[in-house]
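Everything on this sheet refers to the single structure shown next.
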Amino acid sequence: MADRIMIVTDAWYPQVNGVVRTLDTLRATLERRGHRVHMVTPDQFDTVPCPTYPQIRLALAQRARLSRMIDDLRPRVLHIATEGPLGWAARAACLDRDIPFTTAFHTRFPEYVHARFWVPLDWSYALLRHFHSRSRAIMVATPSIEDELTRWGFANIRRWGRGVDTALFRPRDKSALDTTITGPRPWFVYVGRVAIEKNIEGFLDLDLPGTKIVVGAGPQLEELRSRYPDVVFTGEKRGEELAQHYAVGDAFVFPSLTDTFGLVLLEALSCGVPVAAFPVAGPRDVIGAAPVGRLDHDLRAAALAALDTPAETCRAFALRHSWDTSVDQFLANVSPFDPDILLGRADHAAVAS
């Protein structure tokens with residue numbers, strides 16, 4: 001039976017990142033299956049720029065307004081995707097109404113806050129543990145993240161893997177961008193936010209032959225562009241253009257030490273491009289011992305070794321990761337409830353006001 005599903009997220013367009021792509025694909029796949037999906041996103045509220053990252057807008061979420069949205073929609077499933085202002089407002093509204101909800105752990109915010117402001121990790125994890133404590137299921141993408149959260153005292157964790165759009169992200173002509181990117185081969189490509197938490201300098205400082213290419217936007221873009229004049233910075237790309245920038249690469253270099261999954265890994269592999277990364281959570285879970293590149297604490301050695309990986313091996317690996325399987329996991333984790341309980345509570349609230 002098709003359900004009314006509400007998904008609350010502080011991460012949404014015009015942001016371009018793995019969380020937004022995951023949630024948008026989840027929405028589209030659920031709707032294709034006949035579910036009614038209502039996204040609650042920052043563009044529906046007044047917003048302010050995020051400190052140190054003005055490209056991200058934070059909603060000035062009014063708890064009362066979000067409560068009315070829940071009462072009006074009467075969803076049968078409510079999922080809170082992020083721990084931002086909208087996430088906290090949705091959590092409070094659910095607790096007010098005693099209705100079940102699920103949450104997800106997409107991003108290592110404690111590490112990101114620590115990198116910018118030196119806030120102790122245990123303080124931030126305590127706050128997130130409180131946020132998720134009333135969730136019926138905390139969805140995580142990989143075993144490594146589940147293990148880490150368990151060590152931090154989180155409970156009721158369930159797996160929700162990711163998929164890749166293999167029709168969009170596919171092998172293409174390697175010479176397709178030769179007129180716009182003129183550097184010598186091999187081409188080492190990074191795709192993602194250009195921000196301190198991505199450890200991009202760990203890639204840019206490598207002594208590698210050929211050309212380094214950074215695809216993406218973020219608060220570090222202008223700083224890195226001035227510091228690394230020999231690197232090609234393309235800015236943000238989407239859709240076909242994004243897929244093309246993956247596909248022309250000879251190796252995909254992923255220097256992050258903090259990502260919870262790394263959807264870009266699957267997108268690169270789906271384009272037939274081998275991956276070089278550190279053997280940390282994310283790459284270790286997505287790739288493991290599969291012969292689709294190299295994981296190594298020496299990222300330069302990993303990048304050079306990845307060049308020897310056949311494109312067809314990478315593509316075959318990516319074809320095993322479907323979004324349908326991911327959505328099946330999501331639906332198995334949610335906690336449907338009887339939306340009629342909201343009618344009485346909404347009427348009572350109206351009388352009380």
Quick one: are F101 and H79 in side-chain contact, heavy atoms under 4.5 Å? no

Under 3.5 Å side-chain donor-acceptor pair for Q44 and T41: yes

Do T309 and C314 make a side-chain contact, defined as non-hydrogen atoms from C-beta onward lying under 4.5 Å apart? yes

Verify the neighbour count for atom CZ of R134: are there more than 12 heavy atoms of other residues, nucleotides or ligands below 6.0 Å? no

Could you tell me whether the side chain of R76 and the main chain of I5 form a donor-acceptor pair under 3.5 Å? no

In terms of side-chain geometry, is the basic nitrogen of E31 or R33 positioned less than 4.0 Å from the acidic oxygen of its partner? no

Short question: side chain of W88, backbone of E83 - any donor-acceptor pair under 3.5 Å? yes

Do W160 and H106 have ring centroids that are under 6.0 Å from one another? yes

Note, R63 side chain near D96 side chain (heavy atom, < 4.5 Å): yes

Is any side-chain heavy atom of M39 closer than 4.5 Å to a side-chain heavy atom of V37? yes

Side chains of S144 and D285 only: does a donor on one sit below 3.5 Å from an acceptor on the other? yes

Starting from V215, can I reach F233 by hopping between I/L/V/M/F/W/Y residues whose side chains sit under 4.5 Å apart? no

Correct closest heavy-atom pair for D10 and L86 would be OD1-N, 2.8 Å

Give a yes or no on whether the backbone of R74 and the side-chain of R4 come within a donor-acceptor separation of less than 3.5 Å. yes

Could you tell me whether F254 and Y190 have their ring centroids closer than 6.0 angstrom? no

CD1 of I80 to CD1 of I138, rounded to nearest 0.5 Å, is 11.5 Å

Whether the side chain of T103 engages the backbone of S135 through a donor-acceptor N/O pair (distance < 3.5 Å, no angle test) should be reported. no

Any sub-3.5 Å donor-acceptor pair from T211's side-chain atoms to P184's backbone N or O? yes

Indicate, with yes or no, if V191 and Y13 share a hydrophobic cluster defined by side-chain heavy-atom contacts under 4.5 Å among Ile, Leu, Val, Met, Phe, Trp and Tyr. no

Shortest non-hydrogen contact from L221 to A217? CD2-CA, 4.4 Å

Using a 3.5 Å distance criterion without hydrogens, assess whether the side chain of H245 forms a donor-acceptor pair with backbone atoms of E241. yes

Decide, yes or no, whether a salt bridge links R172 with E240 under the criterion of side-chain N to carboxylate O below 4.0 Å. yes

Give a yes or no on whether a salt bridge exists between R185 and D250, defined as a side-chain N under 4.0 angstrom from a carboxylate O. yes

Could you go through R129 and D122, starting from their C-alpha distance and side-chain angles, then the distance that decides it, and tell me whether this counts as salt bridge (Lys or Arg N to Asp or Glu O under 4.0 Å)? CA-CA 10 Å; R129 190 166 55 245; D122 53 348; over 6 Å; no

Does any part of the side chain of P219, heavy atoms only, come nearer than 4.5 Å to the side chain of V194, both counted from C-beta? no

Note, V214 side chain near Y228 side chain (heavy atom, < 4.5 Å): no

The test is salt bridge (Lys or Arg N to Asp or Glu O under 4.0 Å); show your working for D24 and R27 and say whether it passes. CA-CA 5 Å; D24 195 23; R27 174 198 57 78; 2.6 Å; yes

Scan K198, R284, R193 and name whichever one has a salt bridge (charged side-chain N to carboxylate O under 4.0 Å, His left out) with D259. K198

If the threshold is 4.0 Å, N to carboxylate O, is there a salt bridge linking R57 and D43? no

Evaluate the side-chain hydrogen bond (donor to acceptor under 3.5 Å, both in side chains) criterion for residues S175 and D173: first the C-alpha distance (whole Å), next the side-chain angles of each, then the deciding distance (0.1 Å), finally the verdict. CA-CA 5 Å; S175 65; D173 181 359; 2.8 Å; yes

To the nearest 0.5 Å, what is the distance between OG1 (T142) and CZ (F105)? 10.0 Å

Please find the pair of heavy atoms, one from A251 and one from L307, that lie closest to each other, and give the distance. CB-CD2, 3.9 Å

Regarding D71 and R97, does a basic nitrogen lie under 4.0 Å from an acidic carboxylate oxygen? yes

So, for V164 and L266, which heavy atoms are closest and what is the spacing to 0.1 Å? CG2-O, 3.7 Å

Decide whether F188 and V232 are clustered together by the hydrophobic rule: side chain heavy atoms of Ile, Leu, Val, Met, Phe, Trp, Tyr closer than 4.5 Å, transitively. no

Could you go through the side chain to side chain contact (heavy atoms under 4.5 Å, CB included) check for T260 and T107 one step at a time? CA-CA 6 Å; T260 59; T107 306; 5.6 Å; no

Residue pair L304 / P209: nearest heavy atoms and the distance that separates them: CD2-CD, 3.7 Å

Starting at CZ of R158, measure out to CG of N333 and round the result to the nearest 0.5 Å. 5.5 Å

In terms of heavy-atom contacts, does CH2 of W123 have more than 12 from other residues, nucleotides or ligands at under 6.0 Å? no

So if you build clusters from Ile, Leu, Val, Met, Phe, Trp, Tyr with side-chain heavy-atom gaps below 4.5 Å, do L26 and F169 land together? no

Is L23 reachable from F330 through a run of I, L, V, M, F, W or Y residues, each pair having side-chain heavy atoms under 4.5 Å apart? yes

Hey, is the main chain of D3 close enough, under 3.5 Å, to the side chain of H35 for a donor-acceptor pair? yes

Donor-acceptor contact present, side-chain N199 to main-chain P255, <3.5 Å: yes

Any side-chain heavy-atom pair from V275 and V253 closer than 4.5 angstrom? no

Minimal heavy-atom distance between G216 and T234, with the atoms involved, is N-OG1, 4.3 Å

Between R225 and E223, does a salt bridge (Lys or Arg N to Asp or Glu O under 4.0 Å) hold up when you go through it step by step? CA-CA 5 Å; R225 184 175 270 153; E223 174 201 343; over 6 Å; no

Nearest 0.5 Å please: distance from the CD atom of Q220 over to the CD atom of E197. 8.0 Å

Any sub-3.5 Å donor-acceptor pair from T180's side-chain atoms to L177's backbone N or O? yes

Strictly below 4.0 Å, N to O, side chains only: are R65 and D46 in salt-bridge contact? no

Given 3.5 Å as the limit, does a donor-acceptor pair link the side chain of T166 with the main chain of L319, or not? no

Interatomic spacing from OG1 in T25 to CH2 in W323 - rounded to 0.5 Å: 5.0 Å

Do I213 and V231 have side chains that approach each other closer than 4.5 Å (heavy atoms only, starting at C-beta)? no

Count the heavy atoms of every other residue, nucleotide or ligand shown that sit under 6.0 Å from CZ of R294, and state whether that count exceeds 12. no

Could you check whether S270 and R315, counting side-chain N and O atoms only, form a donor-acceptor pair closer than 3.5 Å? yes

Angle class for the Y246/F252 ring planes (parallel below 30°, perpendicular above 60°, tilted otherwise)? tilted

What I want to find out is whether R227 reaches E201 closely enough, with some N-O distance under 4.0 Å, to be called a salt bridge. yes

Rounding to 0.5 Å, atoms CZ (F337) and CD1 (I99) come to a distance of 4.0 Å

